[in-house]
Amino acid sequence: NAGVTQTPKFRILKIGQSMTLQCTQDMNHNYMYWYRQDPGMGLKLIYYSVGAGITDKGEVPNGYNVSRSTTEDFPLRLELAAPSQTSVYFCASSRIGGEKLFFGSGTQLSVL
Amino acid sequence: GQQLNQSPQSMFIQEGEDVSMNCTSSSIFNTWLWYKQEPGEGPVLLIALYKAGELTSNGRLTAQFGITRKDSFLNISASIPSDVGIYFCAGDYTGNQFYFGTGTSLTVIP
């Protein structure tokens, strides 16, 4: 039962570097999401996708890009890393919108 | 963005005590979810609520979808040390995105 798998678990970036956070799910869920979690805060939605080829912005999309070429994969791209992007990133999926979300174990990212 | 007010922010309780926490919003929600998060892990779903007034249990946990659709409640009965963690509420009214509360940190003293 893999569920939602995120890689890497930890990453340190220098300011201006780029990277891709990987997310894959094996539950054949249509909806996928990227959230960020800052210390003492709830999760904020970055981007979401309702199916392959369809993505849309959430609350905090600036500085990020996504793509959804398959049902299983939903990578998150940081193009020019900034210290404000230091956070823990969670990928999640759900069968349809408005239904329970299943989360991955997170990627802890530090931008120095 | 949508604000969910979750209270209390933290709780320190004796093992065996009951726990209550709640979440309120300014918007009417169609779905409420309750999650538990432990250090270094992703949130794990505890209970999902889909109808106003709904009362759902999962072992010692019971959650309710408020009849105004602007609030939800989570109760934990007879707490044990493994209940330690941060509890989050999440609500959705768009069908596309869930908004999360800022969490209730629970410490259980043996």
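The chains referred to below are lettered A, B, ... by the order of the sequence lines, with proteins before strands, and numbering in each begins at 1.
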Chemist: Ring centroid separation for A:Tyr33 and B:Phe98, is it under 6.0 angstrom?
Modeler: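 A:Tyr33 vs B:Phe98: aromatic centres not under 6.0 Å.
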Chemist: Following the transitive rule for hydrophobic clusters with a side-chain heavy-atom cut-off under 4.5 Å over Ile, Leu, Val, Met, Phe, Trp and Tyr, establish whether B:Ile47 and B:Ile86 coincide in one cluster.
Modeler: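 Different hydrophobic clusters.
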Chemist: In Å, rounded to the nearest 0.5 Å, how long is the span from OH of A:Tyr35 to CD of B:Gln97?
Modeler: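 Nearest 0.5 Å value for the OH-CD distance: 7.0 Å.
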Chemist: Is it the backbone or the side chain of A:Leu43 that comes under 4.5 Å from a heavy atom of chain B, or both, or neither?
Modeler: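 Its backbone and side chain both get close to chain B.
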Chemist: Got more than 12 heavy atoms from elsewhere within 6.0 Å of CD, A:Glu79?
Modeler: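 Count over threshold, so yes.
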Chemist: With chain B as the partner, which of A:Ser105, A:Ser94, A:Ala92, A:Gly58 has the greatest number of non-hydrogen pairs under 4.5 Å?
Modeler: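 Highest number of pairs under 4.5 Å: A:Ser105.
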Chemist: Shorter than 4.5 Å, heavy atoms on both sides: which option in A:Phe102, A:Tyr31, A:Tyr48 has the most such pairs with chain B?
Modeler: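 The option with the most such pairs is A:Tyr48.
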Chemist: I'd like to know if B:Phe100 and A:Val88 are part of one continuous hydrophobic network [Ile/Leu/Val/Met/Phe/Trp/Tyr, side-chain heavy atoms within less than 4.5 Å].
Modeler: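 In one cluster: yes.
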Chemist: Which residues, numbered in order, of residues 10-37 of chain B come under 4.5 angstrom of chain A by heavy-atom distance?
Modeler: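 Under the 4.5 Å heavy-atom cut-off, B:Thr31, B:Leu33, B:Tyr35, B:Gln37 qualify.
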Chemist: Hey, quick one: are A:Leu45 and A:Leu76 part of the same hydrophobic cluster, counting side-chain heavy atoms closer than 4.5 Å, chains of contacts allowed?
Modeler: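 Not linked; separate clusters.
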Chemist: Got more than 12 heavy atoms from elsewhere within 6.0 Å of CD1, B:Ile109?
Modeler: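 Buried by this count: over 12 neighbours within 6.0 Å.
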Chemist: Do B:Leu74 and B:Phe65 belong together in a cluster built from hydrophobic side chains that touch within less than 4.5 Å?
Modeler: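 The answer is yes; both residues are in one hydrophobic cluster.
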Chemist: Please look at A:Gln37 and chain B and tell me whether the side chain, the backbone, both or neither of the residue comes under 4.5 angstrom of a heavy atom of that chain.
Modeler: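 A:Gln37 touches chain B through side-chain heavy atoms alone.
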Chemist: When clusters are formed by joining ILVMFWY residues with side-chain heavy atoms under 4.5 Å apart, either directly or through shared neighbours, do A:Leu21 and A:Ile46 land in the same one?
Modeler: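 Same hydrophobic cluster.
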Chemist: Which atoms of A:Ile96 are under 4.5 Å from chain B, going by heavy atoms: the side chain, the backbone, both sets, or neither?
Modeler: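 No part of A:Ile96 comes within 4.5 Å of chain B.
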Chemist: What part of B:Tyr93 lies closer than 4.5 angstrom to a heavy atom of chain A: side chain, backbone, both or neither?
Modeler: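 For B:Tyr93, no heavy atom lies under 4.5 Å from chain A.
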Chemist: Quick one: of B:Asn96, B:Thr102, B:Asp92, who has the most non-hydrogen atom pairs under 4.5 Å with chain A?
Modeler: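 Option with the greatest count: B:Asn96.
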Chemist: Under a 4.5 Å cut-off applied to non-hydrogen side-chain atoms, are A:Glu99 and B:Tyr50 in contact?
Modeler: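 Result yes, sub-4.5 Å side-chain heavy-atom pair found.
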Chemist: Could you tell me whether B:Leu55 atom CG has more than 12 heavy atoms of other residues or ligands within 6.0 Å of it?
Modeler: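 Yes, enclosed.
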Chemist: Is it true that atom NZ of A:Lys9 has more than 12 heavy atoms of other residues, nucleotides or ligands lying nearer than 6.0 Å?
Modeler: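 More than 12 heavy atoms, drawn from other residues, nucleotides or ligands, come within 6.0 Å of this atom.
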